[in-house]
Amino acid sequence: MLDPKIIKEKPELIRKMLKDRNSDFDLDSLISLDAKRRELIIKTDELRKKKNTVSVEIAQKKKSGQDASSAIAQMQQASQELITLEEEQKKTDSDYEKLILTIPNFIHESVPIGQDETANLEIRKFGAIPQFDFSVKDHIDISQNLDLVDLERAAKTAGARFYYLKNGLVRLNQALIHFALDYLEQKQYVLVQPPYMINQKSMEGAIIAQDFQDVIYKIQDEDLFLIGTSEHSIASMHSDEILEGKDLPIRYAGVSPCFRKEAGAHGRDQKGIFRVHQFEKIEQYVFARPEESWKEHERMLAVAEEFYQKLEIPYRVMLLSSGDMGKISAKTYDIEAWMAGQNAYREIVSCSNCLDFQTRRLKIRFRDKTNEQTQYMHSLNSTLVATTRTLVAIMENFQTKDGHIGIPKALQKYLGSSAI
RNA sequence: GCAGAGGUCGCCUAGCUCGGUAGGGCGCGGGCCUUGAGAGCCUGUGUGCGCAAGCACCCGGGGGUUCAAAUCCCUCUCUCUGCGCCA
């Protein structure tokens, strides 16, 4: 959510952002609803003031034994008027609220303006692309040959985009999680295993309504939604709280399964475990002081890059364009890992600064002294590792001529072996 | 799941029986006093609208009764205690 004051005072900033995002958001409706909302506040406040005055009068008259009936009549009339106005106000407020929650976030000045991913900028590359003296397989062939993944039976029991991991890949998945947790803990992150289901209010704090439909699974007859990432749980963890400035930044390492509908992804990455409904993810989630959030953003990216360097996975860092970026992010870097079986770089990390967009929705504030004005802090999130995609990268990049999989040195002690 | 007790301003607490402007303490800010510090005293301390003066709102959420609700009624939710069930 954006600051209502900025929308009111500098609508031209919002218009530019909407244009850069190719958004068809109806700003004029929002502005007129806001005007109507404020007009109603003034009117109802006046009526309440009248009621308060008359109420005191009634109390005094009753106390001294005078007749209060004319004052009571006034009171009844004012109450009636107020009920009508309050209904209108409720409706206006709710319309306004719905609309303001769907405006996308501001865009940082360093973000390239463009329609889609073709306008993304490559920032840097790391690692040499592996060369093979045999014909390269993709992760589907490799995992089928080694009995590491059963997609057919998963399709039978759950549907497309599900999988049974088996044998060494179960261990490798756990090894990645274990390694990632050790890595972030050593960097002083607070480890968090959050609720895997959260209520609607919390979910709305973390994402924009329309994403519900495309991404989020709902639990039947309960006010509960399966999280799409631990970001959703951790964002709302401090909702309605006022934290102490001295505690910032707070860096969380979230570990959880992630559940995604992947609606609208028909046909893309249809096979294998690259794009699935369920996977494990270790996430960086940071609450920072506003003036430090851009520094934190670069820091989180560096933490993620170092992780893939340790895993010996070649990657490139992309700066997403205004048209390719998520609505809640002001700036997003993606890390794309080289995947030998696809002969391409594919997204494995997304690192975003959301400014005060989430914290404003969730009322997460801080202050340095108890009587100081509170401020919204900034929130940032970045993948450290989404296990299935990294498993794909390892399987494809570390495949051997005899059809097995080598293991990156950093993972060997967690796996207990150097090959699968 | 059942029963009981609770949720009041950043924190603690009074007020609820019997409806009439939510009081006190702590913490923190500003001021007075002081050579300085401390103590003491004064004052401020959440949200909204407004250029401002100021006004309105805020007692876990929602609804009801009433001229008027922290207070009475209903409902939901969370916490605690006991019982039950359970990996």
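Numbers restart at 1 for each chain; the letters A, B, ... are given by sequence-line order, proteins then strands.
A salt bridge is defined here as a Lys NZ or Arg NE, NH1 or NH2 lying under 4.0 Å from an Asp or Glu carboxylate O, and A/Glu262 with A/Arg260 fails to meet this definition.
Atom CZ of A/Phe366 is separated from atom P of B/rG46 by 16 Å (rounded to the nearest Å). In this structure, A/Glu97 places its CD atom 13 Å from P of B/rG48, rounding to the nearest Å. One can place CD1 of A/Ile41 at 8 Å from P of B/rG50, the figure rounded to the nearest angstrom.
Taking the six-membered ring for Trp and thresholds of 30 and 60 degrees, A/Phe287 and A/Tyr252 have ring planes more than 60 degrees apart, a perpendicular arrangement.
A/Asn52 has a side-chain polar atom (N or O) that falls below the 4.0 Å cut-off from OP1 or OP2 of B/rA56. A sub-4.0 Å separation between OP1 or OP2 of B/rA68 and a side-chain N or O of A/Ser79 is present.
Closest to the side chain of A/Arg48, out of B/rA68, B/rG10, B/rA56, is B/rA56. The listed nucleotides are B/rG20, B/rG50, B/rG48; the one nearest the side chain of A/Ala59 is B/rG20.
Within 4.0 Å (heavy atoms only), A/Ile42 reaches sugar-phosphate atoms of the nucleic acid but no base atom. Using a 4.0 Å heavy-atom cutoff across all strands shown, A/Thr374 reaches sugar-phosphate atoms only and no base atom.
A/Gln80 and A/Gln76 are not linked by any side-chain donor-acceptor pair at a separation below 3.5 angstrom, with hydrogens and angles left out of the test.
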